[in-house]
Asker: 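Just passing along the structure, written as C-alpha cells.
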Amino acid sequence: MTATTETPTSPSLAKVEALLRRPLLELVFEAASVHRQHHDPTKIQCSQLVSIKTGSCSEDCGYCSQSAHNQTAVEREKLLSVPRVLDEARKAKESGASRFCMGAAWRGVRNGKEFDSVLEMVRGVKDLGIEACVTLGMLNKEQADRLKEAGLDYYNHNLDTGRSHYEQVVTTRNYDDRLDTLQTVRDADISVCCGGILGLGESISVRAELLLQLAKLTPQPDSIPVNRLVPVPGTPMGDLEEVPWQEWVAFIAATRILIPKTVIRLSAGRQEIPEAAQAMCFLAGANSIFVGDKLLTTPNPAPGTDAALLTSLGLSPTGE
Ligand code: SAM
Ligand code: DTB
Ligand code: SF4
C-alpha cells in the first residue's frame, strides 16, 4: 500500500465532505447499518454532567458562557466541595447515569489543593461504582498519571472545530495544544472523549476537517460528543445562525461510518431540536446522551421527558 491509499479510517477531505453532503436518508441508512454491526442499537449510554468550578475562565472561547472575556449572566463560583459533588454523583447514579462527568472552567490543571480535591472527587465517584470523567483543560503527564491512579475512566477534551477555523473560535490556545493534551491523556491510559461543536460559523468543509482529524487520532476517540452550539447571550457567537437539525444528523451519521466503534454522544443542544429529530440522531448512530436538567450552565431536557422519549423509541440506558 502506498501512503496515498485510502483506508476506511483515512479517506481524503473531499470524500468526507462528500459524505456530509450525501442525500440525508441514504447517509442515515448506511450509518444505521454500520451502527448495528458494532453496537446494540437499543442501548443508550447516559452520562450526567456537573460544573464543579464555574466561570471566570482565562481562555477566550467565543461560544462559552464561562470565559472571563465574555459578558454573560453566568456567575463565577469557586470549586465545589468534595461532599457536595459526591452527593450529586450519588443522585446521578440513582437516576440511572452510568458515568459522572465533572467540568471545570480552567485553562488547565494546576497542582495544589484544588487539583487534590478533584482527585478525591474522582476516587469518590469510583467508590460509588460508576464511571468517572473530568474535563479540566490542558494537563501534563504527571497530572494525567495522578488522575489515572485515582481511577479516572475518561478525559473530555474537545477539538471543537477544524484546524483552519480554530482561530475564529479561540485565540488563547492553538490546535496543537489540544492535540498535545489528547496525547498526554492517551499515554496515561485514560480513555479519550473528544468531539466538537456544530454552529460556530464553520463551513461543511471545516466540519469535514474536524471529522477527519477525529478519525485520524490513533487510536480513535473512545467517545465523541457532538455538540450543537447553545447560543449564549453576551458571547461573540451568541447570535449565530442555528444549525438545522438535519446537519446534526448528517454529522453524526458520517461520524458513525468513519469511526464505527466509538460511542457518539448527542450532547449540548438537544433541548432545542424536536424529539423526532433526536430519534433520527439515534438511528444515525448516536448512542449516548447527557441526562439531568442542566449541562454545565445551560438547560438540558428534564429527566422525565428523556426517560419517556427513550421508552417511546424502544431504547434503554446501558446497564438496564
Ligand atoms: N475548560 C475545559 C475545556 O475547555 O476543555 C472544560 C470545560 S468546556 C465548557 C467543555 C466543552 O464544552 C467545550 O470544549 C465545548 O466543546 C463545550 N461547550 C462549551 N460551551 C458550549 C456551548 N455554548 N454550546 C455547545 N458546546 C459548548
Ligand atoms: C461536551 O462536549 N459537552 C459538554 C461536556 N463536553 C463538558 C459541555 C456542554 C456545555 C454546554 C454549554 C453549557 O452548559 O455551558
Ligand atoms: Fe474556558 Fe473551557 Fe469555556 Fe474555553 S470552553 S472558556 S477553556 S471553560
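Numbering of ligands and ligand atoms starts at 1, following listing order. Position 1 is the first residue of the sequence; numbering continues from there.
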Asker: Look only at interatomic distance and state if Y63 has a nitrogen or oxygen under 3.5 Å from any nitrogen or oxygen of ligand 1.
Answerer: yes
Asker: Of the backbone atoms (N, CA, C, O) and the side-chain heavy atoms from C-beta on, which set of K53 has a member under 4.0 Å from an atom of ligand 3: side chain, backbone, both, or neither?
Answerer: neither
Asker: Who's the nearest protein heavy-atom neighbour of atom 5 (S) of ligand 3, and how far?
Answerer: Y63 OH, 3.5 Å
Asker: Which label fits H35 and H39: parallel for a plane angle under 30°, tilted from 30 to 60°, or perpendicular past 60°?
Answerer: parallel
Asker: How does D160 reach ligand 1, by side chain, by backbone, by both or by neither, if only non-hydrogen atoms under 4.0 Å count?
Answerer: side chain
Asker: Can you sort out which atoms of ligand 3 are near A105, meaning under 4.0 Å from one of its heavy atoms?
Answerer: 8 (S)
Asker: Which residue supplies the protein heavy atom nearest to atom 4 (C) of ligand 2, what is that atom called, and how far is it?
Answerer: F290 CE1, 3.6 Å
Asker: Does atom 8 (S) of ligand 1 have any protein heavy atom closer than 4.0 Å?
Answerer: no
Asker: Which protein heavy atom lies closest to atom 4 (Fe) of ligand 3, and at what distance to 0.1 Å?
Answerer: C61 SG, 2.3 Å
Asker: CD of Q246: more than 12 outside heavy atoms within 6.0 angstrom?
Answerer: yes
Asker: Would you mind reporting whether D306 and P301 have side-chain heavy atoms less than 4.5 Å apart?
Answerer: yes
Asker: Answer yes if the side chains of R173 and Y166 hold a donor-acceptor pair under 3.5 Å, and no otherwise.
Answerer: yes
Asker: Is there a polar contact, in the sense of an N or O pair closer than 3.5 Å, between V230 and ligand 1?
Answerer: yes
Asker: Short list, please: which atoms of ligand 2 are under 4.0 Å from a heavy atom of T135?
Answerer: 7 (C)
Asker: Verify whether one side chain among T297 and S65 offers a donor that lies under 3.5 Å from an acceptor in the other.
Answerer: yes
Asker: Heavy atoms only: which of N300, T298, N156 is nearest to atom 13 (C) of ligand 2?
Answerer: T298
Asker: Report the nearest protein non-hydrogen atom to atom 11 (C) of ligand 2: residue, atom name, distance rounded to 0.1 Å.
Answerer: A268 CB, 3.8 Å
Asker: Return yes when G196 approaches ligand 1 closer than 4.0 angstrom through a heavy atom, no otherwise.
Answerer: no
Asker: Nearest 0.5 Å please: distance from the OG atom of S56 over to the CH2 atom of W106.
Answerer: 11.5 Å
Asker: Is the charged tip of R99 near the ring of Y154: under 6.0 Å from the six-membered ring centre and within 45° of its axis?
Answerer: yes
Asker: If we only consider heavy atoms of L49, is any one of them less than 4.0 Å away from an atom in ligand 2?
Answerer: yes
Asker: Would you indicate whether the side-chain heavy atoms of L198 and N227 approach each other to under 4.5 Å?
Answerer: no
Asker: Heavy atoms only, cut-off 4.0 Å: how does I197 contact ligand 1, side chain, backbone, both, or neither?
Answerer: side chain
Asker: Please could you name the atoms of ligand 1 that L296 approaches to less than 4.0 Å, counting only its heavy atoms?
Answerer: 9 (C)
Asker: Can you find an N/O atom of N158 closer than 3.5 Å to an N/O atom of ligand 1?
Answerer: yes
Asker: Kindly confirm whether atom 1 (Fe) of ligand 3 is within less than 2.8 Å of some N/O/S atom in C57?
Answerer: yes
Asker: Taking atom CZ of R76 as the centre, does the number of heavy atoms from other residues, nucleotides or ligands within less than 6.0 Å exceed 12?
Answerer: no
Asker: Below 4.0 angstrom from a heavy atom of P225, which ligand 2 atoms are there? Numbered from 1 as shown, please.
Answerer: 2 (O)
Asker: Counting both backbone and side chain atoms, is some N or O of R178 under 3.5 Å from an N or O of ligand 1?
Answerer: yes
Asker: Please tell me whether Q45 and S47 have a donor and an acceptor in their side chains that are separated by less than 3.5 angstrom.
Answerer: yes
Asker: Does E88 reach the side chain of L49, with side-chain heavy atoms less than 4.5 Å apart?
Answerer: no
Asker: With a cut-off of under 6.0 Å to the ring centre and 45° to the axis, is R265 in cation-pi contact with F290?
Answerer: yes
Asker: Report yes or no: does a heavy atom of H69 sit under 4.0 Å from some atom of ligand 3?
Answerer: no
Asker: Under 3.5 Å between some N or O of ligand 1 and some N or O of N156?
Answerer: no
Asker: Of all the heavy-atom pairs spanning S205 and E17, show the shortest one and how long it is.
Answerer: CB-OE1, 3.3 Å
Asker: Confirm or rule out an N/O/S atom of C64, from backbone or side chain, lying less than 2.8 Å from atom 4 (Fe) of ligand 3.
Answerer: no
Asker: Mark up the atoms of ligand 1 that fall under 4.0 Å of a heavy atom belonging to A104, in ascending order.
Answerer: 1 (N), 2 (C), 6 (C), 7 (C)
Asker: I'd like to check whether L229 has a polar contact with ligand 1, where a contact means an N/O of the residue lying under 3.5 Å from an N/O of the ligand.
Answerer: no
Asker: For Q71, does the CD atom have more than 12 heavy-atom neighbours from other residues, nucleotides or ligands under 6.0 Å away?
Answerer: no
Asker: Please state whether S65 comes within less than 4.0 angstrom of ligand 2, counting heavy atoms only.
Answerer: yes
Asker: I need the nearest protein heavy-atom contact for atom 3 (N) of ligand 2: residue, atom name and distance, please.
Answerer: N227 OD1, 3.0 Å
Asker: Nearest non-hydrogen atom to atom 15 (O) of ligand 2 belongs to which of V50, V226, T297?
Answerer: T297
Asker: Is there a donor-acceptor contact under 3.5 Å from the side chain of Q143 to the main chain of N140?
Answerer: yes
Asker: How far is atom 6 (C) of ligand 1 from its nearest protein heavy atom, and which residue and atom name does that atom have?
Answerer: T135 OG1, 3.1 Å
Asker: Side chains of T172 and E59: do they bring a donor and an acceptor to under 3.5 Å?
Answerer: yes
Asker: Quick one: which ligand 1 atoms are inside 4.0 Å of a heavy atom on A268?
Answerer: 25 (C)
Asker: Between the side chains of R163 and Q213, is a donor N or O closer than 3.5 angstrom to an acceptor N or O?
Answerer: no
Asker: Does ligand 1 have an atom under 4.0 Å from some heavy atom of C57?
Answerer: no
Asker: Under the side chain to side chain donor-acceptor pair (under 3.5 Å) test against Y63, which residue among T161, D160, T235 passes?
Answerer: D160
Asker: Tell me, which protein residue and heavy-atom name are nearest atom 8 (C) of ligand 2, and how many Å apart are they?
Answerer: L296 CD1, 3.8 Å
